[in-house]
2 protein chains.
Amino acid sequence: MSIRRETAGSGAAIGEAVIPDATVARLANYLRALTGFADQGVSTVSSDALAAAAGANSAVLRKDLSYLGSYGIRGVGYDVDTLTLLISRTLGLAAHRSVVLIGVGNLGQALAGYAGFSSRGFEIAALIDADQQRVGTHICGLRVHDIGDLELILAAQPIDIAVLATPAAVTQEICDRLVSAGVTSILNFAPIALAAPSHVEVRQVDLAAELQILSFHEHQKENGLYNAEQEKAKTLPPSERHWARA
Amino acid sequence: MSIRRETAGSGAAIGEAVIPDATVARLANYLRALTGFADQGVSTVSSDALAAAAGANSAVLRKDLSYLGSYGIRGVGYDVDTLTLLISRTLGLAAHRSVVLIGVGNLGQALAGYAGFSSRGFEIAALIDADQQRVGTHICGLRVHDIGDLELILAAQPIDIAVLATPAAVTQEICDRLVSAGVTSILNFAPIALAAPSHVEVRQVDLAAELQILSFHEHQKENGLYNAEQEKAKTLPPSERHWARA
DNA sequence: GTCTGTGAAACTTTTCACAGCT
DNA sequence: AGCTGTGAAAAGTTTCACAGAC
């Protein structure tokens with residue numbers, strides 16, 4: 001998964017620093033939390049406050065940020081705007097990113113209308129489907145194109161990321177065409193493991209798998225295999241919550 | 001994240017074995033792949049074949065399965081049906097699980113209609129929303145209930161898992177009510193880190209965060225920080241793909 | 001010969017604890 | 001006094017390689 005690696009002890013050879021995958025995944029959460037603070041007019045946050053809002057612990061947060069450099073002020077905290085900018089740049093969000101969404105069924109339509117995408121810098125540049133009943137219609141103000149024109153659409157405009165909400169059976173084939181056309185980032189919602197060359201980053205979101213993981217934990221509890229501290233604080237008023245965040 | 005832990009060297013104290021979180025997450029993928037093999041009438045699979053279909057490597061697969069016991073046959077492989085049953089039982093899918101879906105907006109409606117849930121043993125037992133325009137309507141054959149009746153609905157039937165597709169601003173409050181009502185497994189699609197006591201398992205799916213992680217990798221490539229072996233096999237025919245799976 | 005099961009090694013990630021700056 | 005930045009230790013995960021069953 002990691003992109004670059006330093007040979008131990010050598011200084012950063014080419015660019016800045018190596019950022020662990022686990023850290024990258026959390027940066028997005030910090031950014032979300034920072035936006036919240038900015039909206040409230042808060043201009044400085046401590047690692048404790050930011051970690052609480054982002055659902056991490058402050059030691060992890062500080063270590064994560066240390067990979068980006070030393071931008072905090074000891075005894076004070078982090079400047080919200082500076083940190084927002086720093087993380088945005090690190091995630092490559094300075095430039096808005098164009099997304100093509102393939103598969104405009106139930107889930108695809110929901111994704112097309114998902115406000116969280118545009119509000120966080122992602123523009124859906126094209127909708128594509130194979131169903132001729134849907135091709136030509138407009139969804140959320142965008143025309144649905146035919147899957148046959150996939151290569152034309154990709155050639156006509158710069159596309160950074162493809163989102164797949166297609167039936168499992170056709171998803172690998174579409175993935176292959178995307179890869180051939182030069183797409184290197186894919187977010188796949190179809191319940192199938194995609195094969196792609198290593199220079200292509202594929203992320204899988206499997207909704208049923210998430211439920212199965214929860215089911216496992218329920219099962220553990222049912223069998224009395226759950227260790228201690230259940231029911232903890234269950235009756236405390238919300239103001240006294242001191243629970244962990246997801 | 002782990003539920004139980006053995007003190008080093010001591011035998012399994014209470015039940016069977018400790019299953020690492022990383023393994024649990026992959027079991028769902030193996031199950032999906034096994035279903036595929038069963039549909040094709042295949043009755044035995046090797047770790048290599050199953051790993052390829054599930055997007056893992058065979059060493060990981062074998063290690064994962066070893067946590068569940070030794071059910072493979074050396075020189076042959078695994079029996080598809082036996083393994084399917086074993087994983088299903090491990091994930092607690094023997095009993096069908098009831099899900100309550102809260103928030104029937106864009107995304108919530110898509111989730112309500114998502115075939116992958118019912119086909120994999122999850123039954124949506126109730127839909128709930130706060131919007132009076134939606135309350136009382138029927139979506140995918142299910143009546144939408146008022147959020148005010150949340151506690152009544154949970155009391156009237158056994159619910160294993162709550163799925164939240166609500167606006168971020170109200171999600172923590174709903175989470176608190178769910179926890180008070182005894183729900184211990186939550187799948188959250190709202191872009192906010194939920195606070196919950198430690199006996200409650202919360203899984204977060206943040207769609208925009210997924211795109212941001214992809215954006216990071218795109219950014220790395222743009223800056224020439226990507227290491228070697230690009231373009232590899234890009235022109236091979238699909239039949240000769242030997243790429244890694246997601 | 002083939003393929004599983006598993007210890008041991010390598011690597012990654014998290015946690016701890018505290019030095020050092022404001 | 002308060003909070004960051006970071007080495008060092010601990011925990012968790014993946015990879016390796018091969019003994020052993022079929």
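Proteins get letters first, then strands, A, B, ... in listed order; numbering begins at 1 in each.
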*Does anything in residues 79-92 of chain B reach DNA chain D, meaning a heavy atom under 4.0 Å, and if so which residues?*
none
_side-chain contact (heavy atoms from CB on, under 4.5 Å) assessment of F117(B) paired with L111(B)_ = CA-CA 8 Å; F117(B) 287 159; L111(B) 293 173; 4.2 Å; yes
*asked:* Measure OH/Y71(A) against C1'/dG5(D) and give the value in whole Å, please.
replied: 14 Å
*Does any non-hydrogen side-chain atom of S215(B) lie less than 4.5 Å from one of D160(A)?*
no
*In residues 35-70 of chain A, which residues come under 4.0 Å of DNA chain D by heavy atom?*
S46(A), S47(A), R62(A), K63(A), S66(A), S70(A)
*Keeping the roles fixed (side chain from H96(A), backbone from S118(A)), state whether a donor-acceptor pair exists under 3.5 Å.*
no
*From the options T35(A), N29(A), L34(A), select the one residue that forms a side chain to side chain contact (heavy atoms under 4.5 Å, CB included) with R32(A).*
N29(A)
*asked:* How close do R120(A) and P191(B) get, counting heavy atoms only, and between which atoms?
replied: NH2-CB, 3.3 Å
*Which pair of heavy atoms, one from I186(B) and one from V183(B), lies closest together, and at what distance?*
CG1-CG1, 4.1 Å
*Residue pair V163(A) / L207(B), side-chain heavy-atom distance below 4.5 Å*: no
*Considering just the side-chain nitrogens and oxygens of Y78(B), establish if one lies under 4.0 Å of OP1 or OP2 belonging to dG5(C).*
yes
*Which atom names give the shortest non-hydrogen contact between I192(B) and A168(B), and what distance separates them?*
CD1-O, 3.9 Å
Short heteroatom pairs, N/O only, protein and nucleotides 19-21 of chain C, under 3.5 Å:
from: dG20(C); atom 1: N3; to: R74(A); atom 2: NH1; distance (Å): 3.3

*Rounded interatomic separation in angstrom, taking CZ from R26(A) and C1' from dT12(C)*: 11 Å
_Main-chain N/O of A195(B) paired with Q172(B) side-chain donor or acceptor, under 3.5 Å_ = yes
*Quick one: are V200(A) and L194(A) in side-chain contact, heavy atoms under 4.5 Å?*
no
